[in-house]
Amino acid sequence: MITAMTTLRRAVPAFLFGRDWPLLVSLAFLTLLGVLAGLARLVLGLGPTTGLSDAYPWGLWIGFDFLLIALSGAGFTMAAVGHILHIHSLHEAVRPAILTGLMGYVSVLLLLVLDLGRPDRFYHFILFWNVHSPLFEISWCVLLYTTVLLIETSPYLCERLGWTRPVRWFFKLITPITVIGVTLSTLHQSTLGTLYLNMPHRLHPLWYTPLLPPLFYVSSILAGFAVGLLSYRAAVRVAGRREKPEVVAGLAKGMAIVGAFYLALRVGEVVVAGKWPLLRPDQAMARLWWAEVGLGVIVPLLLWLWPRWRRWPLTTWLAPLLVIFGVGANRFNATWFAQTPPQGGTYWPHPLEWFSTLGILAAAALAWYVGIRLLVIFDSKTAHVS
Amino acid sequence: MSAPFSCHRRRFLQWVGGALVWLGLERLATDRRVAAATRGPESDYAWAVLVDLTRCTGCNRCALACKTANRLPNPEQVPTGLDSGAYSFVAEYKVAGDSADAASVFVKRQCMHCLHPACASACTVGALRKTAEGPVVYDAAKCIGCRYCQYACPFGVPTYDWQNPLGLIHKCELCRERLAENEKPACVDACPTGALQFGRRRDLLRQARARIRSNPDRYVAHIYGEHEAGGTSVLYLSSVPFADLGFPALPDAAVPEVAEAVMKQTPTVAFTVATLATALHFVMKRRTAANHH
């Protein structure tokens, strides 16, 4: 018994028994619940294990797919900040953000396995093409961009293992890799908006607009800065390092610039299209819009613009969290709350949908934590060369 | 020896040449037929069904024949909605007539077989497809069960088999197998009152207009499906406004037009973003290098 425990402790990195163990054990427990819920769905089918129906064929999982892809915009946003805009002062925040992006996309792939009616045919989009279909383009981009993220994160491991040759090769190719990643992200982040252009009969006009593709794209960059900021702040704490105030300030500034642009697009579209009477707060949909745009865009912008509020220590946590809430609310409104099925009906997720989603998120958080502790995230000897 | 051989050869070449020209023309004609069936005013070539609601008595024989033809479970049970076990059903609407008591109007529902279907445009793997003959058909072997078609359809037609762990999409295919054997769709064949009629879309539209013209008191002056969502291959005539019978008020534009216009820009967007990002990289790299010195 004692030898078994010793072997286990040797096999598992020491930090898992460190100060964060209550968090890690809870995440592992949620992961286990998620695995069981996921297995139940795969064995029993969607009917008994979800709240989905012909009126609401998509639910919680698709909502989280859209949310996670938008948040994982941190990957291409921060890669562009580091390797295309070459903003050296923000370099420390690039690797944590790209690792978060990878975790987000892997979570999306796992959620899709649960959501597809025929998970055994997940590869069919490679064999059977329909170039008109937004989902066809999204499938290809997600596949290719997840590959790009794996390539982008590979030096974090190679540097730890001391494999210098592949790392040198990687840095020779870093510009084309980053450009490909940004291009693929631009395509599918905007196409996630195009996807809703096929549902004018279901989606409320406050969300349905031909501007959906640019709105989804810009909001993914906005979420990208917010998640980049939070990833950096969480990573320095997990790694036991000191946070650099100029990194936090720089990312908050990026968030504010993109946020102001997004707000102008969002409000401008409603005004130009003459839809502003729909914003009167006596309608449920209008209140949904105000909660999303007000709390998720306007409040964080005000927090940043007002110097007194900006200096408030809570702001640097609150503002990015509100932005994440806003972008997430936008994706959930588009896919769920602002939709009216032609045949009527409602949707509420089954507990197993919640458990499987939480399980995948917990597994991603756990993997991210282990990654930050084990991989080369902050002290790269080669990254500055690029 | 050589003369008959060359004669044979000439005839052989003539034959091959003729066959090639014929094949080319046939190919062209097929392409034009496909194009004609899917959009434009010539789409009237394709097969269609005219549903005259004033002639329907709600006997449900169409819905039961549909179940049998598609080999669906419980073929004796009258369906009350569209699901993976019923591709067609008859809905009953109580409408106040000229007399004080309410009269029933029966509405047969099934896939509308749009001329430019949103389900086919949305389908990730191209499992749904509009054929030149008229039906919107479904290839179950390709389907991944993503259920995007259910969102794209403005009529709420495609259904999913929720109880099956490896479920698929289900919908009316206008009895494509029967059409291939020169038979009418099962529902039309089963209709005893002539409420369902099968024919070329152009001919059915002409008939529908004639009926409205000769009986203006019996019909509302509207053929549902002539223009809705870009036009459909199932057309309806009614004595009651269609809005009272659960028919969605849809614009004349086909649903997927906007998304398809955006999707067409994909290569342009990719090229532009890749070029701009590369240019920005060189500019910013030089600027930061200059700042360091």
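In what follows, chains are A, B, ... by sequence order, proteins preceding strands, each numbered from 1. The basis for the numbers below is simple: all heavy atoms, side chains too, and nothing from hydrogens, waters or symmetry mates.
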So which atom in C146(B) and which in W58(A) form the shortest heavy-atom distance, rounded to 0.1 Å?
O-NE1, 2.8 Å
Only pairs of heavy atoms separated by less than 4.5 Å count here; which of L250(B), V255(B), V269(B) has the most with chain A?
V255(B)
Among P248(B), C143(B), G156(B), who wins on heavy-atom pairs under 4.5 Å with chain A?
C143(B)
Counting a contact as any heavy-atom pair under 4.5 Å apart, which residues of residues 166-174 of chain B contact chain A?
L166(B), G167(B), L168(B)
Side-chain donor/acceptor of R147(B) to backbone N/O of P57(A), under 3.5 Å:
yes
Proximity breakdown for P213(A) and chain B, heavy-atom pairs closer than 4.5 Å
side chain
Between D54(A) and Y160(B), which heavy-atom pair has the shortest distance, and what is it?
OD1-N, 2.9 Å
In terms of heavy-atom contacts, A259(B) and N198(A) come closest through CB-OD1, 3.5 Å
Below 4.5 Å from any heavy atom of chain B, which atoms of L46(A) appear? Answer side chain, backbone, both or neither.
both
Is there a side-chain contact (heavy atoms from CB on, under 4.5 Å) between M263(B) and T191(A)? Walk through the geometry before answering.
CA-CA 8 Å; M263(B) 291 306 294; T191(A) 306; 3.9 Å; yes
Using the rule given for side-chain contact (heavy atoms from CB on, under 4.5 Å), can you reason through V125(B) versus W129(A), listing the C-alpha separation, both sets of side-chain angles and the distance that settles it, and then say yes or no?
CA-CA 5 Å; V125(B) 290; W129(A) 288 33; over 6 Å; no
dist R129(B):CZ -> N130(A):CG (nearest 0.5 Å) comes out at 12.0 Å
Heavy-atom contact with chain B under 4.5 Å, split by part of L52(A):
both
When only pairs under 4.5 Å are counted, which of P154(B), G126(B), A277(B) shares the most heavy-atom pairs with chain A?
P154(B)
Give, for atom CZ of F128(A) and atom CG of D139(B), the distance between the pair rounded to the nearest 0.5 Å.
7.0 Å
Below 4.5 Å, heavy atoms only, C-beta onward: do T183(A) and F271(B) meet side chain to side chain?
no
Pairwise distance SG(C123(B)) to NE2(H132(A)) - rounded to 0.5 angstrom:
12.0 Å
Minimal non-hydrogen separation, H201(A) against Y151(B), with atom names:
NE2-O, 3.0 Å
Does F170(A) have more than 12 heavy atoms from other residues, nucleotides or ligands lying within 6.0 Å of its CZ?
yes
Side chains of P165(B) and V43(A): does their closest heavy-atom pair fall under 4.5 Å?
no
So V182(A) and V273(B), side-chain contact (heavy atoms from CB on, under 4.5 Å) or not? Walk me through it.
CA-CA 8 Å; V182(A) 168; V273(B) 169; 4.1 Å; yes
Side chain, backbone, both or neither: which part of P134(A) has an atom under 4.5 Å from a heavy atom of chain B?
both
Quick one: which of R287(B), K142(B), E257(B), Q163(B) has the most heavy-atom pairs under 4.5 Å with chain A, could you say?
K142(B)
So what's closer than 4.5 Å to chain B heavy atoms on S53(A): side chain, backbone, both or neither?
backbone
Any chance CD of E246(A) has more than 12 other-residue heavy atoms, nucleotides or ligands included, within less than 6.0 Å?
yes
When every non-hydrogen atom of C153(B) is compared with those of P342(A), the smallest separation belongs to O-CG, 4.4 Å
Checking I84(A) against M284(B) for the side-chain contact (heavy atoms from CB on, under 4.5 Å) test, could you report, in this order, the C-alpha distance in whole Å, the side-chain angles of both residues, the deciding distance, and whether it holds?
CA-CA 7 Å; I84(A) 287 178; M284(B) 294 306 285; 5.9 Å; no
Between P256(B) and chain A, which part of the residue has a heavy atom less than 4.5 Å away: side chain, backbone, both or neither?
both
Where does L42(A) contact chain B at under 4.5 Å (heavy atoms): side chain, backbone, both or neither?
backbone
Heavy-atom cut-off 4.5 Å, strictly under: side chain, backbone, both or neither for T194(A) against chain B?
both
State the OG1-CH2 distance between T49(A) and W162(B), to the nearest 0.5 angstrom.
10.0 Å
Region of A120(B) that comes under 4.5 Å of a non-hydrogen atom in chain A
backbone
Work out which heavy atom in T266(B) is nearest to a heavy atom in L187(A); give both atom names and the distance.
O-CD2, 3.8 Å
Reported CZ-to-CD distance for the pair R109(B) and Q343(A), which is rounded to 0.5 angstrom:
11.0 Å
